[in-house]
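What follows is a set of notes on a single structure, which appears directly below.
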Amino acid sequence: MSRALLPLLAGCLALSAFAAAAQDWPSKPIRIVVPFPSGGTTDTAVRPLAERLSQQLGVSVVVENKPGAAGRIGYDFAAKAAPDGYTLLAGTDSLGLQPHLDPPPNYDPIRDFAPIAQLSSQPLVIAVHPSLGVTTLQQLVELGRTKQEPIGYATSGIGSSQNFAGEWFARVSGLKMLHVPYRGGGQAVNDLLAGQVQLAVLGIAPLIPYQKAGRIRILAVTTAERSPALPDVPTLKELGYDVVVDQWMALLAPAKVPPAILDRLNAETNTALRDPRLREIYAGVAMRPVGGTAQDLGALLRSDYRRFGTLTKELGFKAE
């Protein structure tokens, strides 16, 4: 055989192997890596989806939490996983933000991941403990302007979109705020409830029950429109602060997963997101199910990557 034909033969064999793997997929359990601790917003969104996908695919779909460094540890782990369709990633809008921060992450959100489908969209919120003594955002801003020391605000981690939204709001409002990062949203929520920290910028989902019980007060949401789950809570924009951050969650895979597997995953994810029980669960925690094509998600990720790149420079944002 001519040596010139060897690369072509190798390529054909690789394609045949990929095709065979795609035909047999799935034949063993699938894991979805959540790069944040259990009990947080992303974990809340992914667990009912995993349960539904297990039923549809006929194999176990498990959630594996790999928290730390505002998601970087889990993102890096998923980026390096075998591209066989058995390791997936629950990513968030922080994927588009972190490449613009120092030190840059070990992964490239565009190059190292294959988009599957957007799962949900929801606002971040600015929430306070009752001991702070404010009931409106304007009261918070006025209090902050009179205090000598900055008010500490909790987020799920350094370099998270919550950290970014907090610093953006502080810049446009003049409120003196000090970032208090946690290893995930769950512990931040617990300390807010206990009054260990009196101000937080977090995902809306885990805070809704405590808002309704009067244990915390949500002063504003970060999306362009009010959340149907809390229609009485105003947006930052309508209160005069031009800050808009939409916290989205999505399902991705390591790059180079066979296209047939990605297509199947997209179809199964969209089917799951149409399930009435799953939609009811999402609505209960102020998540809007989205779905759509892999191309839709890819466009969103690229758009956020460009937007966060511009804003981090304009705001001088540093993850500290």
Side-chain angles (χ1 to χ4, degrees), residues 39-45 48 92-93 119-146 151-156 160-175 177 185-186 188-249 276-290:
T41 302
T42 308
D43 190 70
T44 301
T92 74
D93 49 311
L119 301 180
S120 63
S121 172
Q122 65 171 169
L124 298 173
V125 301
I126 296 178
V128 295
H129 188 268
S131 63
L132 196 58
V134 301
T135 58
T136 68
L137 193 71
Q138 191 55 39
Q139 289 176 357
L140 173 65
V141 172
E142 291 171 358
L143 174 66
R145 288 172 178 169
T146 62
I151 301 174
Y153 76 98
T155 74
S156 64
S160 63
S161 57
Q162 299 163 8
N163 180 195
F164 179 80
E167 296 302 312
W168 190 1
F169 171 65
R171 177 68 63 89
V172 301
S173 68
L175 176 62
M177 295 167 61
V189 171
N190 290 339
D191 277 10
L192 177 65
L193 291 171
Q196 297 296 319
V197 63
Q198 295 178 301
L199 174 64
V201 181
L202 293 168
I204 192 173
L207 292 177
I208 289 177
Y210 305 115
Q211 160 83 357
K212 293 180 177 178
R215 296 184 61 187
I216 54 103
R217 181 176 289 272
I218 296 176
L219 304 181
V221 298
T222 63
T223 37
E225 298 179 353
R226 295 191 181 198
S227 169
L230 295 173
D232 295 332
V233 177
T235 68
L236 285 174
K237 194 158 188 175
E238 69 184 271
L239 292 173
Y241 304 104
D242 192 16
V243 175
V244 178
V245 179
D246 187 349
Q247 181 171 266
W248 52 261
M249 278 160 279
R277 180 175 174 275
L278 184 111
R279 296 182 74 86
E280 182 180 355
I281 292 172
Y282 276 26
V285 290
M287 291 180 184
R288 178 175 62 87
V290 178

Are R145 and L175 close enough, and set up right, to give a side chain to side chain contact (heavy atoms under 4.5 Å, CB included), and what steps lead you there?
CA-CA 6 Å; R145 288 172 178 169; L175 176 62; 5.8 Å; no
Which heavy atom of Q122 sits nearest a heavy atom of V285, and at what distance?
NE2-O, 3.6 Å
Are V244 and T235 close enough that some pair of their side-chain heavy atoms sits under 4.5 Å apart?
no
For K212, all residues meeting side chain to side chain contact (heavy atoms under 4.5 Å, CB included), sequence neighbours excluded:
I208
Quick one: ring pair (Phe, Tyr, Trp, His ring centres under 6.0 Å) partners of Y282, sequence neighbours excluded?
none
So, for Q211 and V233, which heavy atoms are closest and what is the spacing to 0.1 Å?
NE2-CG2, 4.2 Å
Taking every non-hydrogen atom, the tightest pair across Q247 and D93:
CG-OD1, 3.4 Å
Is a side-chain donor-acceptor pair under 3.5 Å present for N163 with T155?
no
Shortest non-hydrogen pair, L199 vs M177, comes out as CD2-CE, 4.0 Å
Nearest 0.5 Å please: distance from the NZ atom of K237 over to the OG1 atom of T223.
11.5 Å
Considering only heavy atoms from C-beta outward, does the side chain of V189 approach that of L202 to under 4.5 Å?
yes
Check the pair W168, V245 against side chain to side chain contact (heavy atoms under 4.5 Å, CB included), reporting the backbone distance first and the verdict last.
CA-CA 10 Å; W168 190 1; V245 179; 3.9 Å; yes
What side-chain donor-acceptor pairs closer than 3.5 Å can you find for residues 126-133, not counting sequence neighbours?
| residue | atom | partner | partner atom | Å |
| --- | --- | --- | --- | --- |
| H129 | ND1 | S131 | N | 3.1 |
| H129 | ND1 | S131 | OG | 2.8 |
| H129 | NE2 | L193 | O | 3.4 |
| S131 | OG | Q198 | NE2 | 2.9 |

For E142, is the CD atom crowded, meaning more than 12 foreign heavy atoms sit under 6.0 Å from it?
yes
Looking at V221 and R226, what are the two nearest heavy atoms and their distance?
CG2-CA, 4.4 Å
Show your reasoning for whether side chain to side chain contact (heavy atoms under 4.5 Å, CB included) applies to I151 and L140.
CA-CA 10 Å; I151 301 174; L140 173 65; 4.1 Å; yes
Is the shortest heavy-atom distance from the side chain of Y210 to the side chain of L192 under 4.5 Å?
no
Distance, nearest 0.5 Å, that separates CD1 of I204 from OG of S227
4.0 Å
Shortest non-hydrogen contact from A286 to A229?
CB-CB, 3.4 Å
Could you tell me whether the side chain of V290 reaches within less than 4.5 Å of the side chain of W248, counting heavy atoms only?
no
